[in-house]
Amino acid sequence: MIWADHIVEEIKERFAQEIADGTLLLIRDEKTLSGRVHVGSLRGVVIHGLIGQMLSLEGIKNTFRFELNEFDPMDGLPVYIDAKKYKPHMGRPLYTVPNYNIEIDGKVSMAKNYAMVFGDEFADVVRKLQFPVEFYHLRPLYEAGEFNDVIREALHGAADIRTIYREVSGSVKPDDWYPLQIICPQCGKIGTTQVTSWNNKTELVTYVCKKDLVSWAEGCGHEGEISPLNGNGKLAWKVEWPAKWKVLGVHIEGCGKDHSAAGGSRDIGAHITKEIFHYPEPVNIPYEFITISGGKKMSASKGLGATSKHMSDLLPPKILKLLMMRKQANHPVDFDPYGNTIPLLFDEYDRLADHEFKRHPEPNPDYARTYQLCQLDPSKDPENLWHMRFSVMSFVLQMPHLDLEEEAEKLKESPLTENEKKELQERAQYVQYWLDNYAPDEYKFTILDTPPSDLTLDDDQKVALSKLTDALANLSDWSGKTIHETIHAIKEETGIEPKKLFQPLYQMFLGRTNGPQVGWFLGTMKKEDVLQHLRKLL
Ligand SMILES: [Zn+2]
């Protein structure tokens with residue numbers, strides 16, 4: 001069992017009756033579309049999507065609904081947004097803010113409004129992960145009156161909500177505070193308005209659009225009376241969160257660590273849903289942050305932080321899924337695209353495959369399960385495919401004289417299947433992208449035409465390399481395997497320290513003291529070139 005199996009067990013226990021009745025379990029997650037979506041939000045998508053897939057594997061009906069929230073007010077301007085053009089829109093609901101041909105990574109977005117510039121980008125990333133996710137927007141639910149009942153309950157229970165805020169989080173709201181904001185009919189802003197009374201007979205609120213309610217937007221001073229229903233207003237988000245649970249009928253919804261602390265918004269939501277809306281709190285799956293070690297460097301070079309899109313450019317979907325699920329949800333994930341995190345992650349994927357396909361001497365069932373579940377469609381049996389290791393591939397791709405498929409078949413010692421070729425080419429795209437943008441120097445190789453002039457050998461090295469030159473000259477089958485065996489035979493015969501033998505073999509071609517497995521590496525070179533380099537050295 002892996003960590004997610006324990007969550008599935010908890011869900012089965014809590015909803016035993018619903019499952020027996022064939023009720024559709026609703027899993028929900030959301031993102032406010034105030035800017036490009038940070039990579040941390042992908043962890044929520046993977047956790048919820050994975051739980052949904054695991055429930056389906058057990059025949060438990062479920063649906064995963066993901067909210068693209070375009071109703072919150074614009075309350076900040078990301079650095080990559082033209083502040084002059086967008087400042088006047090501060091405080092307006094995001095869906096009313098226009099898309100003035102916003103450019104994302106050099107491409108003009110065709111999205112219908114500001115919010116969907118980011119919504120479209122994020123949805124594309126999520127679709128690649130192939131979870132059966134249903135996206136929905138918040139605004140139309142309000143307009144259709146779906147929130148009318150919870151709005152009535154929240155306004156009617158405003159005093160009790162203020163008490164919950166005070167008792168749970170210590171936040172004191174004045175007696176005339178109501179958990180709802182109206183879209184100002186005069187200036188169109190929502191972040192600047194305050195409801196001052198609620199009449200539950202006429203179902204009207206009085207409101208004022210204040211100049212100085214918030215520091216990031218200025219209201220117009222308009223006052224009036226209006227119905228808070230049918231999309232005229234929006235609940236305060238700590239009240240709106242539990243309201244969504246009730247309106248949509250949510251059974252399962254996790255949230256990031258920032259919301260999960262005692263006295264935090266989840267805690268407030270749990271009280272409000274129970275005491276005001278009389279709806280049970282969904283099963284929570286608190287999850288930790290993702291930190292990007294090279295994040296600062298990434299922001300500096302691209303003018304922004306590590307976005308979900310950047311991460312999906314870096315990793316194929318199933319390896320991205322693995323990154324997000326390899327540790328249990330409440331453990332932090334650290335990711336450094338500039339270090340060796342990426343090569344190690346690919347290696348880990350290949351190692352998990354060894355456990356799944358019993359190539360490992362002691363197959364671990366949990367590793368095999370992780371491998372099965374990080375497949376994009378875990379309901380299908382994974383296919384046993386040969387993989388080229390990341391570090392080997394990164395070397396091959398840097399060698400203009402090598403053909404990737406040819407080298408793969410040499411290593412596999414048999415022809416690749418069609419699916420193996422597909423996997424090979426897919427991996428090559430990501431390895432190349434990594435080489436071009438993030439690979440540290442230790443992974444960068446160029447072949448020298450002639451051995452470096454400052455390379456000197458001691459007597460032991462001269463003897464061993466001279467014997468090796470003769471032995472290699474006599475090899476009839478020039479392959480990584482035979483070269484490897486020859487080098488080891490010379491090592492045994494002369495008793496030379498391995499390092500002293502291997503280092504000059506790398507140095508004469510790469511100008512550095514390490515590289516890929518030496519026999520294989522020399523096997524990728526022409527025999528005449530290897531002999532010529534060796535003779536120049538001696
Ligand atoms: Zn106004």
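Note that these values count all heavy atoms, side chains included, but never hydrogens, waters or copies made by symmetry. From a predicted model like this one, the values you see are computed outputs, not experimental measurements. Note that ligands are numbered from 1 as they come in the structure, with each ligand's atoms numbered from 1 the same way.
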Greater than 12 external heavy atoms within 6.0 Å of [X]'s [atom1]:
X	atom1	result
Asn200	CG	yes
Tyr367	OH	no
His6	NE2	yes

So, Lys246 and Asp149, do they make that salt bridge, N to O below 4.0 Å?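 Salt bridge absent between Lys246 and Asp149.
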Pairing of Asp105 and Arg36 as salt bridge, 4.0 angstrom limit: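 Arg36 and Asp105: salt-bridged.
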On the six-membered ring of Tyr136, is Arg65 placed so that its NZ or CZ lies under 6.0 angstrom from the centre and within 45° of the ring axis?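 Verdict for Tyr136: a cation-pi partner in Arg65.
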Under 2.8 Å from the Zn ion (ligand 1), which protein N, O or S atoms are there? Could you list them by chain and number?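 As for protein N, O or S atoms lying under 2.8 Å from the Zn ion (ligand 1), they are Cys184 SG, Cys187 SG, Cys209 SG, Cys220 SG.
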